[in-house]
Amino acid sequence: MKNRIVLAYSGGLDTSVAIPYLARQTEGEVVAVALDLGQGGEDMESVRQRALDCGAVESIVVDARDEFAEEYCLPTVQANGMYMKQYPLVSAISRPLIVKHLVQAAQEHGGTHVSHGCTGKGNDQVRFEVSFRALDPTLDIIAPARDYAWTRDKAIEFANEIDLPIEQSEKSPFSIDQNVWGRAVETGFLEDLWNPPTKDLYAYTEDPALGNAPDEVIISFEAGRPVAVDGKKLSPLEIIEELNRRAGAQGVGRLDMVEDRLVGIKSREVYEAPGAMVLIKAHEAIEDVCLEREVARYKRSIDARWSEEVYDGLWFSPLKKSLDAFIQSTQEHVTGDIRLVLHAGNIIVNGRRSNQSLYDFNLATYDTGDTFDQTAAKGFVQLHGLSTQISNKRDREANN
């Protein structure tokens, strides 16, 4: 049987050149699969046609924007997904969805191999390949940049050699990945940790110092799901897009961090995720109102572990599925409205209301009408600190 390679196709130079290159290396045929995840830019029909012009026997374009928002971004909100308490998993949550559609295409079009453009140094090779093996281990995997030491210079040389019908635009100094959840930028002068990001690096956010008037926004949740902005019912995708626009205009969601990659190295990354950061902040605020204390305390550790699983490419792991079940069980009463002010790069929560709230005004107030029984506090405090008191007494006696 002839080899048929299903390629994760972006439409750029590298993956366009990969089509004839993979066909030559494997003596097979290439099926190109491109996903619209809300990354914007070029029309997807142009992307589809380019793959055919470059020699693909099939070119598949999938509008996965709603699926991405509903099945990948929404669980990230409910898990308050932030790797190292900072990174909102912009690229990490897109990879399992891309893999899902590549595997489907392979099964429908007689694929024998799947291929991606990742190098051997990053996290994405892991995210792609672990997910491929989880969903269909019969497919062989090819990573040209890693397996064939494929570089951009070699790609351009090969394109010229075979007169490939693509534009060879000037190489950007950055490596950029983007979707509706955010934008990730690395390499170039950012590899020197002392160099600050320049204005031209950003695309989703305005300069926070522009001085735009503050923007007040109300986000409504039902069972942990964002369902409306300023009282207007919207789909998850529409909510993310609306908050990207409004928070981006305020310079919200910029992040410059050094993160610990799975492969063991540290890497500097610059992110823009205006809608993601606002939604996670609002979701944390409504959980503060609606989750019982011990559930909330434990969930914070679960959220961190969930984020690590996803970052490490283990979206389909048994542990990730079990964490999903726990997180979902906590969301039943996470319902209400959060009011935020977006201004000069900041997200400020200044209002909360919920018919599922555990906040009791009569218990919390210090004014007349306080129903809290303060006489019970004295014994509570004494017993709460009793073990500490006994331990310190022992230590003092031992030192005398």
Side-chain angles (χ1 to χ4, degrees), residues 37-40 63 65-82 88-90 93 178-183 202-255 271-291 327 330-359 361:
L37 299 177
Q39 61 266 33
D63 184 350
R65 291 173 297 172
D66 283 301
E67 181 182 11
F68 181 51
E70 177 75 28
E71 298 182 21
Y72 296 80
C73 299
L74 179 58
T76 304
V77 172
Q78 294 180 328
N80 303 311
M82 301 276 277
L89 303 169
V90 168
I93 63 171
Q178 63 189 45
N179 54 56
V180 75
W181 196 237
R183 186 168 178 268
Y202 298 104
Y204 282 15
T205 57
E206 300 287 350
D207 186 343
L210 282 178
N212 292 332
D215 185 4
E216 187 175 86
V217 58
I218 298 173
I219 302 176
S220 301
F221 291 87
E222 293 179 3
R225 295 173 55 92
V227 295
V229 175
D230 291 336
K232 182 179 180 181
K233 292 282 187 178
L234 298 170
S235 70
L237 176 62
E238 291 169 334
I239 289 173
I240 298 167
E241 291 174 333
E242 172 71 1
L243 294 175
N244 275 341
R245 180 183 66 82
R246 291 172 64 174
Q250 296 289 336
V252 166
R254 292 186 175 188
L255 173 65
Y271 297 105
E272 295 180 279
M277 298 299 282
V278 171
L279 278 171
I280 291 171
K281 181 82 169 182
H283 182 260
E284 288 176 332
I286 193 64
E287 282 194 331
D288 288 345
V289 173
C290 299
L291 289 187
I327 291 167
T330 68
Q331 299 300 292
E332 179 183 359
H333 300 295
V334 181
T335 295
D337 303 320
I338 296 296
R339 188 177 64 229
L340 314 99
V341 175
L342 311 176
H343 186 231
N346 296 308
I347 309 168
I348 303 165
V349 176
N350 70 359
R352 309 150 178 86
R353 64 187 177 195
S354 171
N355 60 13
Q356 299 290 309
S357 174
L358 296 179
Y359 177 86
F361 176 84

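Keep in mind the model is a prediction, meaning the values are calculated, not measured.
- Looking at S354, its side chain does come within 3.5 Å of a backbone N or O of T335 through a donor-acceptor pair.
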Exercise. Take K233 and E222 through the salt bridge (Lys or Arg N to Asp or Glu O under 4.0 Å) test and state the conclusion after the steps.
Key: CA-CA 11 Å; K233 292 282 187 178; E222 293 179 3; 2.9 Å; yes
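- V252 places none of its side-chain heavy atoms less than 4.5 Å from the side chain of T205.
- Of the possible polar contacts, none joining the Q39 side chain to the Q178 backbone as a donor-acceptor pair under 3.5 Å is found.
- Side chain of Q78 to main chain of I327: no donor-acceptor pair is present (N/O by atom type, distance under 3.5 Å, no hydrogens or angles).
- Heavy atoms only, all atoms of each residue included: I240 and A69 are closest at CD1-CB, 4.0 Å.
- For the atom pair CH2 of W181 and CG of L279, the computed distance is 5.0 Å after rounding to the nearest 0.5 Å.
- Taking all atoms of both residues into account, the shortest heavy-atom contact from H343 to Q250 is CA-OE1, 3.2 Å.
- L342 and V278 make their closest contact through CD2-CG2, 3.9 Å (heavy atoms, listed as atom of the first residue, atom of the second, distance).
- For the pair R225/E70, a side-chain contact is recorded, criterion being any heavy-atom separation below 4.5 Å from C-beta on.
- Salt bridge annotation for E242-R245: present, with a cationic side-chain nitrogen under 4.0 angstrom from a carboxylate oxygen.
- Distance check: R65 CZ to N179 CG gives 12.5 Å after rounding to the nearest 0.5 Å.
- Looking at D66, its side chain never comes within 3.5 Å of a backbone N or O of L237 through a donor-acceptor pair.
- Considering CE of M277 and OH of Y271, their distance stands at 11.5 Å, rounded to 0.5 Å.
- In this structure, the side chain of R339 engages the main chain of N350 through a donor-acceptor pair within 3.5 Å.
- What you find for L74 and G224 is that their closest heavy atoms are CD1-O, 4.4 Å.
- The two residues S235 and E238 have their closest heavy-atom pair at N-OE1, 2.9 Å.
- In this structure a side-chain-to-backbone donor-acceptor pair under 3.5 Å is present from D207 to A209.
- Minimum heavy-atom separation, I93 to Y72: O-CD2, 3.3 Å.
- Of the inter-residue distances, the one linking C290 atom SG with H333 atom NE2 reads 9.0 Å to the nearest 0.5 angstrom.
- N244 contributes a side-chain N or O that, together with a main-chain N or O of V180, makes up a donor-acceptor pair within less than 3.5 Å.
- Note that R352 lies outside the cation-pi zone of Y359, set by a 6.0 Å cut-off to the ring centre and a 45° limit from the axis.
- Between D337 and I219 the shortest side-chain heavy-atom distance does not fall below 4.5 Å.
- Between the NZ atom in K281 and the CG atom in N346 there is a gap of 9.5 Å [rounded to 0.5 Å].
- Atom CD1 in I338 sits 10.0 Å away from atom CD1 in I218 (nearest 0.5 Å).
- You'll find the side chain of V334 reaches within 4.5 Å of the side chain of H283, heavy atoms only.
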